[in-house]
Amino acid sequence: MFVSKDFTFNDIEGKSKGIYLVTFDSDVLVSRGNKYTRNISSDEFSRKNPLFNINDNESEEITLNFMYLDENMIPQRWTEGKLTEVRNWFKTDDFAPFISQDNPNYINYFMMTSMENKLIPVQGIGVLEVVFKPLNCYVYKKYEDIVTITSNTTININNPSDEEYRPILKITNLGDSATINKIGSLEISGLDANETVIVDNLMLTVLDENDNNKFSKCNRNWLTLEVGNNVIPVSGNYKLQIFAEFPILL
């Protein structure tokens with residue numbers, strides 16, 4: 001599934017822990033210790049943003065192998081402490097982002113279901129065979145953009161998924177409290193100069209950078225990105241940051 005040895009899981013780089021993705025010859029390895037397992041069930045959720053799973057896109061578990069290497073890519077002995085450290089890293093309460101350097105713009109959401117040591121006897125060198133349950137059958141294509149709006153114009157955002165999507169917007173007012181900042185039909189007004197709000201168009205929240213509720217500053221005409229190219233009228237005087245993770249099939 002992945003070719004690159006380098007990856008990030010739950011915002012931690014594998015190489016920072018000396019852990020790399022590998023392939024191996026199973027004939028030289030034998031299972032050691034008890035296999036760690038746990039069951040994961042899913043309810044009916046939405047996939048419009050990468051927060052939840054849905055039950056009509058059930059995905060199969062995948063198995064990945066990880067090896068402990070030094071800076072010269074020489075295999076190291078798995079100690080009890082290192083095994084515990086890696087297990088605690090991979091064992092998450094929620095689906096966590098997994099990014100392979102094969103394509104760092106694609107995010108997978110995984111949760112570990114089992115982990116087994118497969119080591120060369122005596123030497124303690126080998127791999128951890130880890131089984132992950134994907135969130136669903138989609139990967140998420142990361143999209144981020146920053147634009148400064150000073151006049152009436154348009155911006156283009158392509159939604160490559162197969163359904164509408166509601167992004168997160170970070171809006172910093174560059175005018176004064178009388179400035180009305182618009183993106184599509186969404187309006188933000190009454191912000192002080194250089195005040196920032198974060199609009200989550202899916203969760204329907206408007207918060208400042210200290211998580212204070214600024215819902216009253218918004219006209220509640222939430223931004224929705226249709227499938228394909230979206231030409232969005234914008235006006236006002238503000239810096240706009242757009243964040244999205246589009247669910248796509250590869």
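Note that the structure is a prediction, hence the values are computed from the model and not measured. Each residue takes its place number in the sequence, starting with 1.
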How far apart are the closest heavy atoms of L186 and C218, and which atoms are they? CD1-SG, 3.3 Å
Side-chain touch F215/T205, heavy atoms, less than 4.5 angstrom: no
Qualifying residue for ring pair (Phe, Tyr, Trp, His ring centres under 6.0 Å) with F7, from F66, Y20, F2: F66
If you count the non-hydrogen atoms of other residues, nucleotides and ligands that lie under 6.0 Å from NZ in K82, is the total more than 12? yes
Connected via hydrophobic side-chain network under 4.5 Å: I242 and L174: no
Working for side-chain contact (heavy atoms from CB on, under 4.5 Å), residues N230 and N159: CA-CA 7 Å; N230 293 261; N159 175 1; 4.1 Å; yes
Any side-chain heavy-atom pair from I146 and E144 closer than 4.5 angstrom? no
Exam field: side chain N210 to backbone N212, donor-acceptor pair closer than 3.5 Å: no
For E60 against P134, the heavy-atom pair lying closest together: O-CD, 3.3 Å
Could you tell me the separation between the CG atom of L240 and the CG atom of D145, rounded to the nearest 0.5 Å? 8.0 Å
Within one Ile-Leu-Val-Met-Phe-Trp-Tyr cluster: V3 and F98, side-chain cutoff 4.5 Å: no
Counting C-beta onward and ignoring hydrogens, is there a side-chain heavy-atom pair between L204 and R166 closer than 4.5 Å? yes
Between N158 and G228, the two heavy atoms sitting closest are OD1-C, 3.2 Å
In the structure I gave you, are the side-chain heavy atoms of Y165 and P247 within less than 4.5 Å of one another anywhere? yes
Donor-acceptor pair, side chain of N201 and main chain of I168, under 3.5 angstrom: no
Non-hydrogen atoms of P75 and I125 that approach each other most closely: CB-CG2, 3.4 Å
Do L207 and L202 sit in one hydrophobic cluster, given that two such residues count as connected whenever their side-chain heavy atoms are within less than 4.5 Å of each other, even indirectly? no
Between T92 and D94, does a side-chain contact (heavy atoms from CB on, under 4.5 Å) hold up when you go through it step by step? CA-CA 5 Å; T92 58; D94 299 301; 5.7 Å; no
Find out if a path of hydrophobic residues (ILVMFWY) with successive side-chain heavy-atom gaps under 4.5 Å connects I155 to W222. yes
With a 4.5 Å heavy-atom cut-off, do Y143 and I157 have their side chains touching? yes
Within a strict 4.5 Å, meaning less than it, do heavy atoms of the P97 and T8 side chains meet? no
Is it the case that the side chain of Q76 and the backbone of I74 share a donor-acceptor pair, with hydrogens and angles ignored and the cut-off at 3.5 Å? yes
Nearest-0.5 Å distance, CG of residue N117 to CZ of residue R87: 9.5 Å
For a side-chain contact (heavy atoms from CB on, under 4.5 Å) check, start with the C-alpha distance between T113 and E61, then their side-chain angles and the critical distance, and finish with the verdict. CA-CA 9 Å; T113 60; E61 293 181 331; 3.1 Å; yes
Residues two or more places apart in sequence or in another chain: which of them pass side-chain hydrogen bond (donor to acceptor under 3.5 Å, both in side chains) with K214? E195
Indicate the ring-plane relationship of F132 and F90, choosing parallel, tilted or perpendicular according to the 30° and 60° boundaries. perpendicular
Could you check whether E245 pairs with K142 (Lys NZ or Arg NE/NH1/NH2 to Asp/Glu carboxylate O, under 4.0 Å)? no
Other residues, nucleotides and ligands only: do more than 12 of their heavy atoms fall within 6.0 Å of NZ on K15? no
Side chains of T150 and T148, heavy atoms from C-beta outward: is any pair under 4.5 Å? yes
Any side-chain heavy atom of I248 within less than 4.5 Å of one from V139? yes
Stepwise ring pair (Phe, Tyr, Trp, His ring centres under 6.0 Å) test for Y106 and Y140: CA-CA 5 Å; Y106 290 156; Y140 292 85; over 10 Å; no
Which distance, rounded to the nearest 0.5 Å, do you find between the CD of E163 and the CZ of F246? 11.5 Å
For S4 and L21, run side-chain contact (heavy atoms from CB on, under 4.5 Å): C-alpha distance rounded to whole Å, both residues' side-chain angles, the deciding distance at 0.1 Å, then the answer. CA-CA 7 Å; S4 174; L21 269 170; over 6 Å; no
When every non-hydrogen atom of F95 is compared with those of K133, the smallest separation belongs to CE2-O, 3.2 Å
Rounded to the nearest 0.5 Å, how far apart are CE of M112 and CZ of F9? 8.0 Å
Separation of L83 CG from L128 CG (nearest 0.5 Å): 5.5 Å
Just by modelled atom types, is the S185 backbone N or O under 3.5 Å from a matching donor or acceptor in the N219 side chain? yes
When rounded to the nearest 0.5 Å, the distance separating CG of L135 from CG of N108 is 10.0 Å
Anything under 3.5 Å between a donor and an acceptor, one on a side chain of residues 177-184, the other on a protein residue two or more places apart or in another chain? List them.
from, atom 1, to, atom 2, distance (Å)
T179, OG1, D176, N, 3.0
T179, OG1, D176, O, 3.2
T179, OG1, D176, OD1, 3.4
N181, OD1, N237, N, 2.9
N181, ND2, N173, OD1, 3.1

Between V227 and I232, is there a shared hydrophobic cluster once you connect ILVMFWY residues whose side-chain heavy atoms come closer than 4.5 Å? no
